[in-house]
Amino acid sequence: MSRYANALTEAITPYTPGEQPQDQKYVKLNTNESPFPPSEKAMEYAKEHLRSLNLYPDPAAEELRSAVAMSCQAVREEVVLGNGSDELLYFAFKAFGSALRPIVSADITYGCYPVFAEALGLPYEEVPLDEGFGIRIDDYKDKHGVIVIANPNAPTGRALEMKEIDALTAAHPDDVIVVDEAYVDFGGTSVLPLTKKYDNLIVIQTFSKSRSMAGARLGFAVADRRLISDINKIRNSFNPYNINSMTMSLGLGTLKDRNYTYANCLIIEKNRNFTVSELKALGFEVLDSKANFIFARHPKISGRDLYLELKKRGVLIRHFDKERISDYNRISIGTKEQMETLIEKVREIL
Ligand code: PMP
């Protein structure tokens, strides 16, 4: 650190992303990416737009916002795009959090939430998951601020039903509820329809997982137009060109090829079922997952040792050195072949 860093910068503990090794080819099951390439149509569409890279992108991203809105039964004014959904989470925290409105989320959830809160100088409150790693809506009864729920949650994969989010939002008319649906397309239920019913609910989704575009960085938020306008105010004060033209055209192409996305999600669900039953047969305890990853532990080997042994054998999974979950590992679901390799290596290690 330089001697010029201010107190806020000095205090920040940044997020540690999953490893992205460049040296060796791994079976990569550690960052919940899609194992499938972007849709062919999306890539063709992007190629046509290469010639206009000399120009700035449309700062309002009208065409893509309209297409996203249409896919969510919303209108353009109810949608804002982000450079990944991370950016939108950050913008939402900045727009709605304050000293009196803490960011409130589960003790075991996506690691960026506390990091973003800290970077923005916002208070952060944790609500413990129940014994089975589930979110109990009742535990939020006396909590106020910006309540963030990852649904399905990460790294557990467990999901809430629409009626639970409905009840939570109804019970908190003076708070902002952010539902992070990064993994909703793998078997969860989206609460997008509830954005018509409540003016304090923001639903955030991403093109990084089910839509195979993690490298292009694209996410979107859907909410009442007044909430969206507040987030847009922050976006326009930070980087009005936050979505580059290549990503815009890839996004448009992807939305025009929804069958491809849908088919890939079904494959992931099938491969998840296969992996869960194989791991259970080997003695693993696996949480019920509605995401493109599973969270599992084995009584005979620590989470850290399994992670290290798999890494030695060319398979990367994610281990979190955190109390309550250090016995577990998060394993992304890839192709059938990748999952077969994982099972083979796990069997060898056990
Ligand atoms: N939310 C959750 C729960 C995630 O796990 C991730 C990915 N690490 C994100 C949001 C951010 O994804 P992206 O910025 O790629 O859209």
Side-chain angles (χ1 to χ4, degrees), residues 8 11-13 15 78 80 82 85-154 156 158-182 184 188-205 221-235 322 324:
L8 198 57
I12 291 173
T13 314
Y15 179 70
E78 293 163 342
V80 58
S85 55
D86 274 343
E87 189 180 63
L88 291 167
L89 288 161
Y90 194 90
F91 287 168
F93 289 12
K94 185 157 177 65
F96 307 111
S98 73
L100 298 174
R101 268 230 195 100
I103 308 300
V104 180
S105 198
D107 61 339
I108 311 289
T109 191
Y110 183 35
C112 275
Y113 305 154
V115 172
F116 292 169
E118 186 175 48
L120 288 161
L122 295 170
Y124 187 81
E125 287 181 19
E126 285 184 351
V127 181
L129 296 181
D130 67 19
E131 252 120 72
F133 293 117
I135 292 172
R136 237 184 340 225
I137 291 307
D138 228 28
D139 294 344
Y140 289 76
K141 199 167 59 219
D142 301 320
K143 297 288 177 185
H144 296 285
V146 179
I147 299 175
V148 192
I149 305 281
N151 193 42
N153 195 11
T156 65
R158 292 203 47 189
L160 290 175
E161 289 177 31
M162 166 124 52
K163 62 172 191 260
E164 294 172 282
I165 308 265
D166 195 335
L168 175 78
T169 315
H172 289 266
D174 298 324
D175 301 310
V176 174
I177 311 293
V178 177
V179 181
D180 177 354
E181 294 190 343
V184 79
T189 307
S190 173
V191 297
L192 273 169
L194 296 181
T195 57
K196 306 273 179 236
K197 187 170 166 189
Y198 297 106
D199 66 358
N200 62 331
L201 174 68
I202 304 170
V203 177
I204 298 184
Q205 290 195 8
V222 180
D224 179 274
R225 63 183 69 206
R226 287 162 294 187
L227 289 177
I228 294 299
S229 155
D230 295 337
I231 297 175
N232 244 328
K233 216 166 165 181
I234 302 294
R235 188 185 71 86
K322 187 173 166 145
R324 265 194 103 178

- Item | Atom pair CD1/CD of I204 and E87 - distance to nearest 0.5 Å | 11.0 Å
- Note on the structure: Rounded to the nearest 0.5 Å, the CD atom of E181 sits from the OG1 atom of T189 at a distance of 9.0 Å
- Taking all atoms of both residues into account, what is the closest heavy-atom pair of A117 and I103, and its distance? CB-CG1, 3.9 Å
- Item | Any Q205 side-chain heavy atom under 4.5 Å of L192 side chain | yes
- Item | Validation row, ring centre Y15 to ring centre Y110 under 6.0 Å | yes
- With V176 as partner, the option from D199, I147, I202, L201 fulfilling side chain to side chain contact (heavy atoms under 4.5 Å, CB included) is I202
- Item | Candidates D175, D174, T169 - the one meeting side-chain hydrogen bond (donor to acceptor under 3.5 Å, both in side chains) with H172 | D175
- Item | Any side-chain heavy-atom pair of F116 and L122 under 4.5 Å | no
- Starting at CG of L120, measure out to CG of L8 and round the result to the nearest 0.5 Å. 8.0 Å
- Message: Show every side chain to side chain donor-acceptor pair (under 3.5 Å) that has at least one partner inside residues 112-121, sequence neighbours left out.
- Response: Y113-D180
- Between CD1 on residue I137 and CG on residue L160, distance to nearest 0.5 Å: 5.0 Å
- Item | pair T195-L227: side-chain heavy atoms closer than 4.5 Å | no
- Message: Less than 4.5 Å apart, side chain to side chain, heavy atoms only: is that true for N200 and I177?
- Response: yes
- R324 versus L129: any side-chain heavy-atom pair under 4.5 Å? yes
- Task: Using a 4.5 Å cut-off on heavy atoms from C-beta on, say whether the side chain of V178 contacts that of F96.
- Result: no
- How close do P102 and E125 get, heavy atom to heavy atom, and via which atoms? CG-OE2, 3.6 Å
- Does Y198 use its side chain to pair, donor to acceptor, with the backbone of D166 at less than 3.5 Å? yes
- Rounded to the nearest 0.5 Å, the CZ atom of F91 sits from the CG atom of D230 at a distance of 13.5 Å
- Could you tell me which non-hydrogen atom of A221 sits nearest to which non-hydrogen atom of L88, and how far apart they are? N-CD1, 3.6 Å
- Message: Closer than 3.5 angstrom, by distance alone: can the side chain of S105 be matched with the main-chain N or O of V148 as a donor-acceptor pair?
- Response: yes
- Does a sphere of radius 6.0 Å around NZ in K163 hold more than 12 heavy atoms from other residues, nucleotides or ligands, not counting ones at 6.0 Å or beyond? no
- Please tell me if the side chains of N153 and F133 come closer than 4.5 Å, counting only heavy atoms from C-beta onward. no
- Message: To check you understand the geometry: which heavy-atom pair defines the closest contact between R136 and Y140, and what is its length?
- Response: O-CD1, 3.5 Å
- Note on the structure: Closest non-hydrogen atoms of S98 and P123, given as atom of the first, atom of the second and distance, are O-CD, 3.6 Å
- Message: Using side-chain heavy atoms (C-beta onward) and a distance below 4.5 Å, is I135 in contact with E164?
- Response: no
- Looking only at heavy atoms, what is the nearest atom pair of A154 and A150, with distance? N-CB, 4.2 Å
- Point-to-point distance, once rounded to the nearest 0.5 Å, from CD of E161 to CG of N151: 10.0 Å
